Asks: 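Handing you this structure, nothing more for now.
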Amino acid sequence: MILQYDHIDSTNRIAKDLIAEGTPSGTVVRAVSQSMGKGQYGRVFESPKGGLYFSLVLEPDLPLDQLPLITLATGLACLQVLKERFSLFPHIKWPNDIYLAGRKVAGILCENILKPGLDGQTSAAVIIGVGMNVNNQAHDFEEEIQPLITTLFEHLHAWIDLDDLLANLTRAIVNQVTRLREDRLAVLAEWQQADLLWGRSVVYHHHSQSLTGIGLGVTEQGTYRIREENGVEHLVIGGQLRLGPGVDLH
Ligand code: BTN
């Protein structure tokens, strides 16, 4: 089932309401534009017309501690579609940002809704929210983020059929999430090939603490490894991971 909206606040918000009403796994909510697109860390994800904004509801058959891997599998699905359909080769900034030539082209926000079962087991519905800058251009965005983002149009100089892109992305996401169950390590190994931060100087912020080091890639649990200059290694999850000062992505 695909629900299409013109201008709404957030497809993830609508998906959450639909889950409360018992919507089946596979439901897709899509909007032409959003006024309050939800981004990571409570930020608003700017969603002007021309982009692709959708939320896919899935009830994956995965242990709860593997749910964070769905963000990584979704990133991989985005890369696969951009490569196969448009010969573009983006990277992923752990855990959820897709970068093309040093600028963000898409973001992912997964939200888990836990459902306690009568048998005492808890299952989960996952809202997989994806926002991709497609047929828009940097000047469609607020001035302060213009230098940080890019769009597919800026790379391809051609209009992309958003219905077709949506169909390809949802199919690829379902396949990659299924693959997680069958061969999680293969998914993670492939993800590692696309790691934007690997070997680069990074700064990690969590609450009032920060940590500076070198990015060493993702672990089997989906956490990220950072090595400080003194050799001490840390595994991080949650918080914000940024490129260190002066890192040039071009
Ligand atoms: C990020 O970059 O911080 C994550 C952005 C995720 C945005 C998408 S747009 C479609 C879906 N609905 C939302 O409200 N957010 C996600």
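Just so you know, ligand 1 is whichever comes first in the structure, and atom 1 is the first atom listed for that ligand. Every heavy atom of this structure was used, including side-chain atoms; hydrogens, water molecules and symmetry mates were not. In this text the structure is predicted, and so the values were computed from the model without any measurement.
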Asks: Heavy-atom contacts with Ser10 under 4.0 Å: which atoms of ligand 1 show up? List them by number with element.
Replies: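 Ligand 1 atoms under the 4.0 Å threshold to Ser10: 13 (C), 14 (O).
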
Asks: Taking Tyr224 for the side chain and Val236 for the main chain, is one N or O donor matched with an acceptor at less than 3.5 Å?
Replies: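 No: the side chain of Tyr224 does not pair with the backbone of Val236.
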
Asks: Test of understanding: given a 4.0 Å heavy-atom threshold, classify the contact between Tyr41 and ligand 1 as side chain, backbone, both, or neither.
Replies: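 Neither; nothing of Tyr41 gets under 4.0 Å from ligand 1.
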
Asks: Between the candidates Met132, Gln40, Lys93, which shows the shortest non-hydrogen contact distance to atom 3 (O) of ligand 1?
Replies: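 Result: the heavy atom closest to atom 3 (O) of ligand 1 is in Gln40.
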
Asks: Just heavy atoms, cut-off under 4.0 Å: does Val130 contact ligand 1 by side chain, backbone, both, or neither?
Replies: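 Answer for Val130: backbone.
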
Asks: Check for a donor-acceptor pair, side chain of Arg103 on one end and backbone N or O of Tyr99 on the other, with a separation under 3.5 Å.
Replies: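 No: the side chain of Arg103 does not pair with the backbone of Tyr99.
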
Asks: Please confirm whether the backbone N or O of Thr23 pairs with a side-chain atom of Thr27, one donor and one acceptor, at under 3.5 Å?
Replies: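 Absent.
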
Asks: Go through ligand 1 atom by atom and flag the ones less than 4.0 Å from a non-hydrogen atom of Thr11.
Replies: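 The atoms of ligand 1 under 4.0 Å from a heavy atom of Thr11 are 10 (C), 11 (C), 12 (N).
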
Asks: Asn96 heavy atoms, cut-off 4.0 Å: which ligand 1 atoms fall inside?
Replies: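 Contacts of ligand 1 toward Asn96, numbered from 1: 1 (C), 2 (O), 3 (O), 4 (C).
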
Asks: What atoms of ligand 1 come within less than 4.0 Å of a heavy atom belonging to Asp97?
Replies: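 Result: 2 (O).
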
Asks: Could you check Arg13 against Asp9 for salt bridge (charged side-chain N to carboxylate O under 4.0 Å, His left out), going step by step and ending with a plain yes or no?
Replies: CA-CA 8 Å; Arg13 200 271 301 159; Asp9 54 346; 2.9 Å; yes

Asks: I'd like to know if Asp163 pairs up with Arg30 as an ion pair, taking the criterion as any Lys NZ or Arg NE/NH1/NH2 lying under 4.0 Å from an Asp or Glu carboxylate oxygen.
Replies: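 Yes, this pair counts.
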
Asks: Work out which heavy atom in Gly222 is nearest to a heavy atom in Ile237; give both atom names and the distance.
Replies: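 Looking at all heavy atoms of both residues, the shortest contact is O-CD1, 4.4 Å.
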
Asks: Under a heavy-atom criterion of less than 4.0 Å, does Ser47 contact ligand 1?
Replies: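 Judged by the 4.0 Å heavy-atom criterion, Ser47 does not count as contacting ligand 1.
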
Asks: Using only atom types and a distance under 3.5 Å, with no angle test, would you say the side chain of Gln34 pairs donor to acceptor with the backbone of Thr11?
Replies: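 Present.
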
Asks: So between Ile108, Ile98, Asn12, whose heavy atom ends up nearest atom 4 (C) of ligand 1?
Replies: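 It is Ile108 that holds the nearest heavy atom.
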
Asks: Which of the numbered atoms in ligand 1 are under 4.0 angstrom from any heavy atom belonging to Gly39?
Replies: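 It comes down to these atoms of ligand 1: 1 (C), 3 (O), 4 (C), 5 (C).
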
Asks: Under 4.0 Å from ligand 1, counting heavy atoms only, is it the side chain of Arg13, its backbone, both or neither?
Replies: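 It is neither part, as no heavy atom is under 4.0 Å.
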
Asks: Mark up the atoms of ligand 1 that fall under 4.0 Å of a heavy atom belonging to Phe54, in ascending order.
Replies: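 Near Phe54, meaning under 4.0 Å from one of its heavy atoms, ligand 1 has 10 (C), 11 (C).
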
Asks: With a 3.5 Å distance limit and no angle check, can you tell me whether Ser25 reaches the backbone of Glu59 through a side-chain donor-acceptor pair?
Replies: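 Indeed, once roles are kept as given, a pair shorter than 3.5 Å links the two residues.
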
Asks: Non-hydrogen atoms of Gln34 versus ligand 1: any pair closer than 4.0 Å?
Replies: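 Judged by the 4.0 Å heavy-atom criterion, Gln34 does count as contacting ligand 1.
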
Asks: Of all the atoms in ligand 1, which lie at a distance below 4.0 Å from a heavy atom belonging to Gly37?
Replies: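 This gives 14 (O) as the contact atoms.
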
Asks: Does the side chain of Ile14 come within less than 4.5 Å of Leu3's, by heavy atoms?
Replies: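 They are not in contact (no side-chain heavy atoms under 4.5 Å apart), so the answer is no.
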
Asks: Which ring pair (Phe, Tyr, Trp, His ring centres under 6.0 Å) pairs, counting each pair once, include a residue from residues 3-58, with sequence neighbours left out?
Replies: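 Every candidate ring pair (Phe, Tyr, Trp, His ring centres under 6.0 Å) pair involving residues 3-58 fails, so no pair, neighbours aside, qualifies.
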
Asks: I'd like the name of whichever of Arg30, Lys104, Lys38 reaches closest to atom 1 (C) of ligand 1 through any heavy atom.
Replies: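 Among Arg30, Lys104, Lys38, the closest heavy atom to atom 1 (C) of ligand 1 belongs to Lys104.
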
